[in-house]
Amino acid sequence: MEEIIKGLIQALHLIITLDPNVLEIAFLSLRVTGTALLFSALVGIPLGSWLGLKRFIGRRLIIAVLYTGMGFPPVVVGLLVFLMLSHSGPFGPLGWLFTPKAMVLAQVIISFPLVSGFTMASVMSVDPDLRRQLLSLGATDWQATLTILMEARVGVVVSLIAGFGSIISEVGAVMLVGGNIEGVTRVLTTAIVLETRKGNFALAMALGVILLALSFAANLAILHLQGELEG
Amino acid sequence: MSDPIYLLSDAVKVYSRREVLHIEELEVQRGELFCIVGPSGAGKSTLLRLLNFLEPPTSGEITFDGRLVNGAIPLEIRRRVTMVFQRPILLHATTHQNVVYGLKIRGEKDGDDRAGRAIEQVGLGEFAQVPARTLSGGEAQRVALARAMVLEPEVLLLDEPTANLDPYNIGLIERIITHLNRERGVTIVLVTHNVFQARRLAHRVALLLEGRVVEIADVEPFFNQPRDPRTAAFVRGEMIY
């Protein structure tokens with residue numbers, strides 16, 4: 001209990017004094033997760049919309065793969081990305097291993113099935129007759145699709161929340177592919193692991209509080225957006 | 001003089017190997033109010049979907065304004081026809097945003113003014129900025145009607161637009177339909193299971209049964225001297241299947 005209280009006090013101190021090390025770690029966490037979420041959205045939202053709107057041979061297989069991806073252990077994703085990016089791996093020459101790029105790649109693989117899956121579910125929950133109605137009003141196929149996506153917007157926002165939640169607090173994959181290098185790939189979760197191992201429970205606790213606060217603030221912002229969208 | 005805007009010839013629609021519609025020949029005249037009556041499952045809504053180009057016929061031909069329209073329908077043809085569905089499907093948006101939708105996607109610059117006038121016409125002026133999904137069933141159907149009429153279509157297809165509505169809303173919607181047809185010259189195809197409504201509004205009436213046209217006639221002979229015994233039974237309000 002003492003460590004928790006000390007951690008809270010230290011967290012407040014670090015936040016108030018804008019500790020440069022903590023700020024750097026927090027900003028890197030946000031940068032990596034934000035970039036990964038952006039790419040997940042760019043891939044996942046169109047894919048989820050397509051799966052939600054279209055019926056074609058092989059669709060169920062793709063959905064099954066997507067659902068499997070939603071439950072894929074992050075540490076296994078990290079291992080696979082590690083092997084792909086290692087010197088002997090097919091993408092070794094890129095030189096991404098132990099860089100933020102590798103962390104972003106791992107986080108995209110973890111979060112995009114969630115973004116895609118939730119988007120698909122929200123698009124499928126829109127009244128199936130709406131498309132006919134929109135076409136009847138003179139919409140092109142593309143205009144009808146965009147309108148349906150707008151109708152599913154609350155669910156799409158939820159998909160982003162789920163995607164964000166799955167990667168901001170993730171540690172196994174980023175530890176494997178990032179290597180927790182100070183000033184380069186050290187993010188909040190990997191720093192917490194390191195400080196705990198070193199016995200700096202108060203600092204680890206402080207970083208944990210900051211991580212929670214960041215996650216809470218990001219979700220609050222997304223929920224605010226959701227409220228705006230719901231009108 | 002005959003001036004058909006639609007001409008259907010041996011138009012067949014098959015779902016899951018079941019023939020649900022087979023129209024040997026059907027004409028809809030430009031400017032008329034044509035009613036299609038029949039029991040549930042007769043194929044009325046399927047016929048409207050074909051007329052709205054939402055689905056192609058499985059076989060046969062549909063001609064619109066002298067042009068065969070069986071394949072891919074050009075957008076400018078599709079936009080000459082619009083439909084009000086039995087169940088109004090409104091967007092998660094205000095009444096105004098719903099009504100202006102069709103104009104916005106056409107890039108019309110005066111959309112807001114026109115939508116405002118259409119909303120007033122259906123008596124929903126005070127609800128223009130209200131979320132459309134909070135409206136009652138009758139009000140929602142009037143939004144759907146305003147959304148269609150604001151587009152000033154040549155053909156308006158109405159799929160049981162007053163089903164399950166109260167007499168006030170039925171009266172209001174029927175007045176709007178009559179106004180659109182008589183004053184603005186909009187060709188209207190109205191599907192209804194309400195024979196009294198067909199008698200009040202239509203120029204011509206067709207009875208559809210099991211996907212086939214049983215009888216087509218002007219409104220007076222259709223109700224007063226039906227040729228087919230099934231039509232006679234239907235207009236008397238008897239159950240026919």
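For A:Arg60, the CZ atom sits in a loose shell: 12 or fewer heavy atoms of surrounding residues, nucleotides or ligands are nearer than 6.0 Å. Shown here is B:Tyr15, whose OH atom has more than 12 heavy atoms of other residues, nucleotides or ligands within 6.0 Å. Heavy-atom neighbours of A:Phe216 CZ from other residues, nucleotides or ligands within 6.0 Å: at or below the threshold of 12. Crowding of A:Phe118 atom CZ: a count of heavy atoms from other residues, nucleotides or ligands under 6.0 Å not exceeding 12. The environment of CZ in B:Arg67 is sparse: at most 12 heavy-atom neighbours from other residues, nucleotides or ligands sit within 6.0 Å.
A distance of 10.5 Å separates CG in A:Asp129 from CD in B:Gln86, rounded to the nearest 0.5 Å. Residue A:Arg153 holds its CZ atom at 7.5 Å from NE2 of B:His92, rounded to the nearest 0.5 Å. Note that CG of B:Asn52 is 9.0 Å distant from CG of A:Leu135, once rounded to the nearest 0.5 Å. Atom-to-atom distance recorded for B:Ile89:CD1 and A:Arg132:CZ is 9.0 Å, nearest 0.5 angstrom.
Distance alone, capped at 3.5 Å, places no donor-acceptor pair between the B:Arg78 side chain and the A:Gly138 backbone. Counting only distance, with no hydrogens or angles, the side chain of B:Thr82 and the backbone of A:Ser136 share a donor-acceptor pair below 3.5 Å.
Of the two parts of B:Leu157, neither the backbone nor the side chain holds a non-hydrogen atom closer than 4.5 Å to a non-hydrogen atom of chain A. Within the 4.5 angstrom heavy-atom criterion, only backbone atoms of B:Val81 (N, CA, C, O) approach chain A. Using a 4.5 Å cut-off between heavy atoms, B:Leu151 touches chain A through its side chain atoms alone. Residue contact with chain A, scored on non-hydrogen atoms closer than 4.5 Å, involves the backbone and the side chain of B:Leu91 alike. A:Asp127 touches chain B through its side chain: at least one heavy atom from C-beta onward sits under 4.5 Å away, while N, CA, C and O do not.
Contact annotation: the side chain of B:Tyr101 approaches that of A:Thr147 to within less than 4.5 Å [non-hydrogen atoms, C-beta and beyond].
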Side chain to side chain contact (heavy atoms under 4.5 Å, CB included), that's the test. Do B:Arg147 and A:Gln133 meet it? Break it down for me. CA-CA 11 Å; B:Arg147 185 167 64 173; A:Gln133 176 70 82; 3.3 Å; yes

